[in-house]
Amino acid sequence: IGEAVPGYRKGDRAMAMVHAGCAEYVCAHQALLLPIPSAMSWIDAAAVPVSFLTAHDALITNGRFGKGQSLLILGVTTGVGLAAVQLARLHGALLIAGTSRSPEKLERARSLGLQLGLASTTGLADAILNATGGRGADVVLDHLGASVLDETLRATAIGGRVVNIGRYAGTRGEIDLELLALRRIALIGVTFRTRSLTEHAAVVSTFTLQ
């Protein structure tokens with residue numbers, strides 16, 4: 001602990017999203033630390049910072065998700081996807097839907113709050129529109145990207161937000177700009193790789209207030 005670090009004592013348990021964190025020892029800036037609750041195991045704590053900070057920043061800060069809204073997560077069984085399911089449930093989601101190529105993983109995600117699991121992106125928009133009475137998802141967290149982007153826009157509500165986190169299905173593709181405009185959809189990209197220490201610390205501070 002550095003001389004100018006308040007709020008922590010030697011031996012306190014802390015977790016953080018840091019570069020080169022897969023090591024026995026790591027140095028982290030105080031502003032990036034999160035205290036580990038007494039009831040939380042080290043194993044659970046190790047899974048929190050990357051997944052939950054990313055999910056919270058995408059869903060709550062950028063996606064402006066709120067009570068009574070519907071959420072679609074493309075790639076729901078990723079670490080960030082599973083974190084987003086739990087955050088959406090805590091924030092009063094009306095519907096939490098998600099895709100995965102693994103039916104078994106979708107079943108496990110149901111125990112965390114997933115309500116509609118889709119084992120394929122084929123017919124994605126129709127499935128979401130049917131589940132929302134034709135409205136579409138208020139927020140989409142997208143881990144897939146290019147190849148399903150047009151289908152994603154069709155599944156998004158008027159005034160909805162599509163937050164791109166990952167690009168497992170490609171980085172380049174075509175979108176229907178007319179559909180984007182008619183549905184007044186905000187297409188948002190997020191990453192931690194270009195954030196300054198101050199920006200990263202702001203994400204941590206916002207998360208700890210929830």
Side-chain angles (χ1 to χ4, degrees), residues 50-52 54-66 68-89 91 93-193:
V50 173
S51 295
F52 277 87
T54 302
H56 188 273
D57 178 66
L59 179 66
I60 307 302
T61 302
N62 286 283
R64 305 191 309 281
F65 187 81
Q69 294 188 337
S70 56
L71 170 66
L72 169 62
I73 307 171
L74 303 180
V76 69
T77 53
T78 61
V80 174
L82 294 175
V85 167
Q86 296 170 77
L87 290 172
R89 185 191 68 205
H91 281 78
L94 178 65
L95 173 71
I96 305 173
T99 69
S100 172
R101 291 182 293 182
S102 170
E104 294 79 11
K105 289 182 179 179
L106 285 173
E107 284 303 313
R108 293 177 63 185
R110 289 182 187 278
S111 67
L112 299 176
L114 181 70
Q115 295 162 285
L116 175 61
L118 303 170
S120 172
T121 54
T122 302
L124 170 68
D126 289 338
I128 297 301
L129 290 171
N130 287 337
T132 57
R135 173 180 170 78
D138 296 290
V139 177
V140 179
L141 298 188
D142 176 22
H143 289 93
L144 302 182
S147 67
V148 296
L149 188 51
D150 257 350
E151 188 75 1
T152 300
L153 295 180
R154 288 186 56 232
T156 305
I158 292 177
R161 286 79 65 200
V162 177
V163 185
N164 179 255
I165 303 169
R167 289 151 291 281
Y168 296 137
T171 59
R172 295 178 181 272
E174 294 184 358
I175 65 171
D176 185 344
L177 290 176
E178 186 72 8
L179 178 60
L180 186 76
L182 287 174
R183 299 186 75 82
R184 303 193 302 277
I185 296 170
L187 182 57
I188 306 163
V190 295
T191 184
F192 276 85
R193 286 175 288 178

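Values in this document were obtained by computation on a predicted structure and should not be read as measured data.
The structure places CG of L180 at 9.5 Å from CG of D150, a figure rounded to the nearest 0.5 Å. Rounding to the nearest 0.5 Å gives a distance of 8.5 Å between CG of L74 and CG of L141. Considering CZ of R110 and CD of E107, their distance stands at 5.0 Å, rounded to 0.5 Å. Atom OG of residue S111 and atom CG of residue L82 lie 9.0 Å apart, to the nearest 0.5 angstrom. Annotation: the span from L59 atom CG to L87 atom CG amounts to 6.5 Å, rounded to 0.5 Å. In this structure, CD1 on I185 lies 9.0 Å from CD1 on I158, to the nearest 0.5 angstrom.
Closest approach of I165 and A58 over heavy atoms only: CD1-CB, 3.7 Å. Residue A125 comes nearest to R154 through the heavy atom pair CB-NH1, 3.4 Å, listed as atom of the first residue, atom of the second, then distance. Residues S70 and T132 approach most closely at OG-CG2, 4.1 Å, considering heavy atoms. Residues G68 and L94 share a closest heavy-atom pair of O-CB, 3.4 Å. L72 and A137 make their closest contact through CB-CB, 3.9 Å (heavy atoms, listed as atom of the first residue, atom of the second, distance). Across all non-hydrogen atoms, the minimal contact from A55 to A84 is CB-N, 3.8 Å.
A donor-acceptor pair is defined here as one N or O able to donate and one able to accept, closer than 3.5 Å; no such pair exists between the side chain of T99 and the backbone of S120. Using a distance-only test at 3.5 Å, with no hydrogens or angles considered, no donor-acceptor pair links the side chain of N164 to the main chain of L187. Judged by distance alone, with hydrogens and angles left aside, the side-chain atoms of T156 form a donor-acceptor pair with the main-chain N or O of T152 at under 3.5 Å. Under a 3.5 Å cut-off, the side chain of R161 and the backbone N or O of I188 do not form any donor-acceptor pair. Put simply, the side chain of R184 never gets that close to the backbone of G160: no donor and acceptor are under 3.5 Å apart.
Residues I128 and L118 meet the side-chain proximity criterion, which asks for heavy atoms closer than 4.5 Å. Using a 4.5 Å heavy-atom threshold, the side chains of L112 and L114 count as separate. You'll find the side chain of L124 stays beyond 4.5 Å of the side chain of V148, heavy atoms only. With contacts defined as side-chain heavy-atom distances shorter than 4.5 Å, the pair V80/H143 qualifies. Annotation: side chain of V139 is in contact with side chain of Q69 (closest heavy-atom distance under 4.5 Å).
Between V76 and the choices L71, V85, L116, the side chain to side chain contact (heavy atoms under 4.5 Å, CB included) rule is met once, by V85.
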Please evaluate residues R183 and L153 with respect to the criterion side chain to side chain contact (heavy atoms under 4.5 Å, CB included), reporting the C-alpha separation (whole Å), side-chain torsions for both, the decisive distance (0.1 Å), and the verdict.
CA-CA 8 Å; R183 299 186 75 82; L153 295 180; 6.0 Å; no
Using salt bridge (charged side-chain N to carboxylate O under 4.0 Å, His left out), reason through R64 and D138 one step at a time and then give a plain yes or no.
CA-CA 9 Å; R64 305 191 309 281; D138 296 290; over 6 Å; no
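For the ring-ring contact (aromatic ring centres under 6.0 Å, His included) condition, the pairs that include at least one residue of residues 160-192, sequence neighbours left out, are F192-H200.
Within a 6.0 Å sphere centred on CZ of R101, heavy atoms belonging to other residues, nucleotides or ligands number 12 at most.
Not a single salt bridge (Lys or Arg N to Asp or Glu O under 4.0 Å) links R167 to another residue, sequence neighbours left out.
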